[in-house]
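See structure below.
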Amino acid sequence: MKLIKHLIACAFLAFAAHGASAAPSSHEAPDALVKRISTEVLETAKADKEIQAGNQKRVMDLVETKVLPYVDFQRMTALAAGRFWRDATPEQQQKLAAEFRTLLIFTYSGALSQVQNETVEFKPLRADPADQEVEVRSQVLKPRGEPIMLNYRLMKTPSGWKIFDINVLGAWLVETYKGNFAAEIRKGGIEGLIRTLAERNKQLANKPIKPAK
């Protein structure tokens, strides 16, 4: 679980630590999208005293409006559930995706309140214009310590490019969750996994976000 939190936290810090103020566009290139990711998020996080103090609702509202539109949670959940996804009913798929989405929101929110002086360096995109899936490579630069490798997988959709997986230090987020999901499904089926995620989300909802240092 610590590795998963680290993966998401690093990804969000990179998301918030680089970008331009251009408006979203369905024609925006995938690397341009990841680079843009939203100066507004970073500026808001740094300037909003309530976010810095750990106001959970304020932080989560910012994540909901500025980050989540660029993530394909349906595909991310399906990949994490693996072969078990096909066995789930449409209603179970919807519930599972919703709980997974909420879990990632809580984790993103905790990272957002800790945004400090990180910067991101992007590498040239290796992709053909006709590609429907690409990988955008970057590294997070911190004031102290070694750079952290951070790559994104994106897929092309009618509304533009969407992130569906993240790699930090060689570990893909979906693959990391896949083992946990499979273990829970073997114990209690899809419903058991949904209950486990729902319970975890309840715990996180009652846990205050740590203020920035």
Side-chain angles (χ1 to χ4, degrees), residues 1-17 37-38 40-81 84-85 88-89 91-116 118 163-166 168 171-213:
M1 187 58 69
K2 287 183 178 180
L3 173 59
I4 291 174
K5 289 182 179 179
H6 181 66
L7 287 169
I8 302 175
C10 287
F12 184 78
L13 289 173
F15 197 95
I37 310 286
S38 192
E40 185 177 350
V41 173
L42 179 61
E43 292 176 347
T44 302
K46 287 185 174 181
D48 194 316
K49 293 182 179 179
E50 291 193 41
I51 288 179
Q52 294 298 310
N55 183 314
Q56 189 175 73
K57 185 179 186 306
R58 194 67 158 259
V59 175
M60 293 185 72
D61 284 347
L62 184 59
V63 174
E64 282 270 10
T65 57
K66 300 299 182 182
V67 177
L68 302 191
Y70 303 103
V71 182
D72 187 336
F73 285 101
Q74 186 78 2
R75 183 169 188 189
M76 186 177 285
T77 307
L79 291 173
F84 300 104
W85 180 257
T89 66
E91 183 180 5
Q92 287 175 325
Q93 291 177 349
Q94 183 177 8
K95 288 181 179 179
L96 181 57
E99 294 295 346
F100 190 33
R101 181 177 184 272
T102 300
L103 177 63
L104 294 180
I105 290 173
F106 277 122
T107 312
Y108 273 132
S109 299
L112 176 57
S113 66
Q114 301 300 312
V115 170
Q116 297 292 321
E118 291 81 2
I163 297 167
F164 68 90
D165 206 356
I166 301 163
V168 180
W172 287 101
L173 177 67
V174 164
E175 196 64 29
T176 302
Y177 268 109
K178 196 170 185 177
N180 291 343
F181 277 21
E184 291 295 335
I185 291 172
R186 291 190 184 98
K187 287 192 295 184
I190 293 291
E191 288 295 332
L193 174 59
I194 294 172
R195 286 194 299 270
T196 297
L197 293 179
E199 181 59 35
R200 178 57 180 160
N201 287 332
K202 287 180 181 179
Q203 294 172 359
L204 292 172
N206 295 321
K207 183 179 180 181
I209 295 176
K210 293 181 179 180
K213 295 180 180 179

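Along the sequence shown, residues are numbered consecutively beginning with 1.
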(message) Quick one, Val174 and Phe164 - any side-chain contact, counting heavy atoms below 4.5 Å?
(response) no
(message) Tell me the closest heavy-atom pair linking Thr77 and Leu96, and the distance in Å.
(response) CG2-CG, 3.7 Å
(message) Using 0.5 Å steps for rounding, measure from the NZ atom of Lys178 to the CZ atom of Phe84.
(response) 9.5 Å
(message) For a quick test of reading the model, state the closest non-hydrogen atom pair linking Phe100 to Leu197 and the distance between them.
(response) N-CD1, 4.2 Å
(message) Looking at every heavy atom in both Met76 and Asp165, which two are closest together, and how far apart are they?
(response) CE-N, 4.1 Å
(message) Between Gln93 (side chain only) and Trp85 (backbone N and O only), is there a donor and an acceptor less than 3.5 Å apart?
(response) yes
(request) First locate atom CD1 of Ile194, then atom CD1 of Ile185, and finally report the distance between them rounded to the nearest 0.5 Å. (result) 9.0 Å
(message) Measuring only between side-chain heavy atoms, which start at C-beta, is Trp172 closer than 4.5 Å to Leu79?
(response) no
(message) Take a 6.0 Å sphere around CD of Gln203 and say whether it holds more than 12 heavy atoms from other residues, nucleotides or ligands.
(response) yes
(message) Salt bridge check, Glu99 against Lys95: does any charged N sit closer than 4.0 Å to a carboxylate O?
(response) no
(message) Counting only heavy atoms not in Gln94 (residues, nucleotides, ligands), do more than 12 fall under 6.0 Å from its CD?
(response) no
(request) Might you point out which heavy atoms bring Phe181 and Ala81 nearest each other, and give the distance in Å? (result) CD2-N, 3.9 Å
(request) Count the heavy atoms of every other residue, nucleotide or ligand shown that sit under 6.0 Å from CD of Glu175, and state whether that count exceeds 12. (result) no
(message) Between Thr196 and Lys187, is there a side-chain heavy-atom distance shorter than 4.5 Å?
(response) no
